[in-house]
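Read the structure below first, then the notes.
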Amino acid sequence: MWDWLALAVRWLHVITAMAWIGSSFYFIALDLGLNRDISGPADGEEWQVHGGGFYHVQKYLVAPERMPEHLTWFKWESYSTWLSGAALLMIVYWAGGELYLIDAAKADLALWQGIAISAISLSVGWLIYDYLCKSALGARPTVLMVLLFVLLVVMGWAYNQVFTGRAVLLHLGAFTATIMTANVFFIIMPNQRIVVADLTAGRRADPKYGKIAKLRSTHNNYLTLPVIFLMLSNHYPLAFATQYNWVIAALVFLMGVTIRHYFNTRHARAGNPTWTWLVTILLFIAIMALSQAPLMQDTYEESEARGLTRTEMAFAASDHFDDIMNVVPGRCAMCHAREPYYEGIRRAPKNILLETPADVAKSARLIYLQAGVTHAMPPANVTFMEAAERSLIRKWYADGASALPFFVAQR
């Protein structure tokens, strides 16, 4: 049930993110592509065709002369994306903190300390960024973007001093997404409400509120693609499991700038900056080169020597553990090893290692779900895991889970 909950929340997160990103990209493209050579009070207009119909869109730089009867607000796409993402963070990285959050080789922290760092860091980033935007730098958008980039790089490095590689990139994505949603909640929407209130009261709206909102919206536009990459990175150890993962993340942010600059320029009919293609390709090649650095993983000897967490000890203490150690490494370690020997596998999928007792105890829940409850592993059952062995995995996990709170398993 817990994993079905995680899947449901992840699905919700993807759906709401699609809605937010879609509307964000649409309005940026619309704004840049407006025909401003028109007469009348509107700042620009655009004729569009879609789904068999024609649309005539006009933009008012500050506000129309009077309040329209119906006004559509775009806000819940952002709010629901962040809320569902925060819930998913809690389910995967807080509840599963011993496996996914803290890297004991980097920092000797209790789980609650790691969770506190996770939660507090997200709000700190917004406070720093908001302060910079409200300072004199707000009038210098290029300098402001450079400082935002520096902030993101520093946070990536800082996360890498505490968290697992997977959690580093995920939290950097959440850190960035928090800034984006806070822009909507604390700046863009309040400023729009001020303009609407002035219009409703018959007052002349101040254009500064629209300019401030547009600056934050532009930042969100350039941050969107890197956030998507970071949220997907947990599927690719080549991105998150190297010692240079924070540098990879920094280059991804630069790729986000080059990609969006190309499309924004095209939408504005301001040219065809094909040079961005070359820069993006070179940045991606640099990322691939950095991914070849040694993975952040302990050696076989270090794994055997390290102490076990409370959760790991519960599964290692099971009466079935010796039998499990005769099954799992034999059926799985040809791929899930520090040096895989299965043809075509160069690095352990998702950096999951299943060689030593500590490895197996650490990944008990994944083994149970992937090879016990389901037949997802081994893929296509290439190592011929038998039904009795899958039954043993279920019994072992249920035995270990019985000694732990919040763990439920079926034999």
Side-chain angles (χ1 to χ4, degrees), residues 20-21 24-25 27-29 31-32 43 59 61-63 74-75 78-79 81-82 120-160 171-195 198 205-230 246-247 249-265 267-268 270 273 276 279-280 283:
W20 184 18
I21 294 167
S24 174
F25 279 8
F27 279 106
I28 287 291
D31 185 69
L32 292 172
D43 179 57
K59 176 189 176 181
L61 188 60
V62 180
F74 291 85
K75 56 182 179 179
S78 173
Y79 301 163
T81 299
W82 189 88
I120 295 172
S121 65
L122 300 183
S123 58
V124 167
W126 157 252
L127 294 174
I128 296 173
Y129 163 79
D130 187 54
Y131 172 79
L132 293 174
C133 287
K134 291 178 178 178
S135 70
L137 293 171
R140 305 176 64 186
T142 301
V143 176
L144 187 59
M145 281 292 289
V146 171
L147 290 178
L148 174 58
F149 173 71
V150 172
L151 172 63
L152 294 170
V153 173
V154 170
M155 280 307 304
W157 174 86
Y159 279 137
N160 196 42
H171 275 77
L172 187 58
F175 179 92
T176 309
T178 299
I179 289 176
M180 295 170 66
T181 297
N183 273 339
V184 176
F185 186 80
F186 291 111
I187 303 298
I188 296 175
M189 292 306 301
N191 283 11
Q192 289 179 337
R193 290 191 187 97
I194 291 173
V195 172
D198 286 342
D206 191 333
K208 74 174 184 180
Y209 295 109
K211 293 180 181 178
I212 294 172
K214 185 176 180 179
L215 175 65
R216 303 297 183 102
S217 181
T218 301
H219 290 170
N220 284 3
N221 178 249
Y222 281 99
L223 293 174
T224 298
L225 295 182
V227 169
I228 295 174
F229 180 97
L230 295 172
W246 63 279
V247 181
L251 297 181
V252 168
F253 279 108
L254 294 179
M255 286 177 60
V257 171
T258 57
I259 294 171
R260 288 312 305 164
H261 177 71
Y262 173 78
F263 284 103
N264 289 345
T265 303
H267 292 150
T276 58
V279 174
T280 302
L283 288 170

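Keep in mind that this is a model prediction, so the values were computed, not measured.
- With rounding to the nearest 0.5 angstrom, the CG atom of L132 is 11.0 Å from the CG atom of L127.
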Applying side-chain contact (heavy atoms from CB on, under 4.5 Å) to F263 and I28, what does each step give before you reach the verdict? CA-CA 10 Å; F263 284 103; I28 287 291; over 6 Å; no

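- Stacking of R260 on the aromatic ring of F25 is recorded, both the 6.0 Å distance cut-off and the 45° axial limit being met.
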Verdict with supporting geometry, L172 and W246, side-chain contact (heavy atoms from CB on, under 4.5 Å): CA-CA 9 Å; L172 187 58; W246 63 279; over 6 Å; no

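- Between S121 and Y159, the side chains place a donor N or O and an acceptor N or O closer than 3.5 Å (distance only, hydrogens not considered).
- Formation of a donor-acceptor pair under 3.5 Å by the N220 side chain with backbone atoms of M180 is found in this model.
- Under a cut-off of 6.0 angstrom, the local environment of CH2 in W126 is crowded, with over 12 non-hydrogen atoms contributed by other residues, nucleotides or ligands.
- Considering all non-hydrogen atoms of both residues, K134 and I187 come closest at CE-CD1, 4.1 Å.
- For the atom pair OG1 of T176 and OH of Y129, the computed distance is 11.0 Å after rounding to the nearest 0.5 Å.
- Between atom CZ of residue F253 and atom CG of residue L283 there is a gap of 13.5 Å, rounded to the nearest 0.5 Å.
- Atoms CD1 and OG1, on I21 and T81 in that order, are 7.5 Å from each other to the nearest 0.5 Å.
- Distance CE/M145 to CG/L223: 6.0 Å, rounded to 0.5 Å.
- Residues Y262 and T276 approach most closely at CB-OG1, 3.3 Å, considering heavy atoms.
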Taking it one step at a time, do D31 and K214 satisfy side-chain contact (heavy atoms from CB on, under 4.5 Å)? CA-CA 10 Å; D31 185 69; K214 185 176 180 179; 3.2 Å; yes

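- In terms of heavy atoms, L151 sits closest to G125 at CD2-O, 4.0 Å.
- Nearest heavy atom pair, residue G138 against residue L144, reads CA-CD2, 4.5 Å.
- Counting non-hydrogen atoms of neighbouring residues, nucleotides and ligands closer than 6.0 angstrom, the CZ atom of R140 reaches no more than 12 such neighbours.
- With hydrogens and angles disregarded, no donor-acceptor distance shorter than 3.5 Å links the side chain of S217 to the backbone of A213.
- Distance check: F185 CZ to K75 NZ gives 9.5 Å after rounding to the nearest 0.5 Å.
- Between H219 and I179, every side-chain heavy-atom pair lies at or beyond the 4.5 Å cut-off.
- Residues K211 and D206 are not paired through a salt bridge, judged by the lack of any N-O separation under 4.0 Å between the basic side chain and the carboxylate.
- More than 12 heavy atoms of other residues, nucleotides or ligands sit less than 6.0 Å from atom OH of Y79.
- In this structure, the side chain of S24 does not engage the main chain of W20 through any donor-acceptor pair within 3.5 Å.
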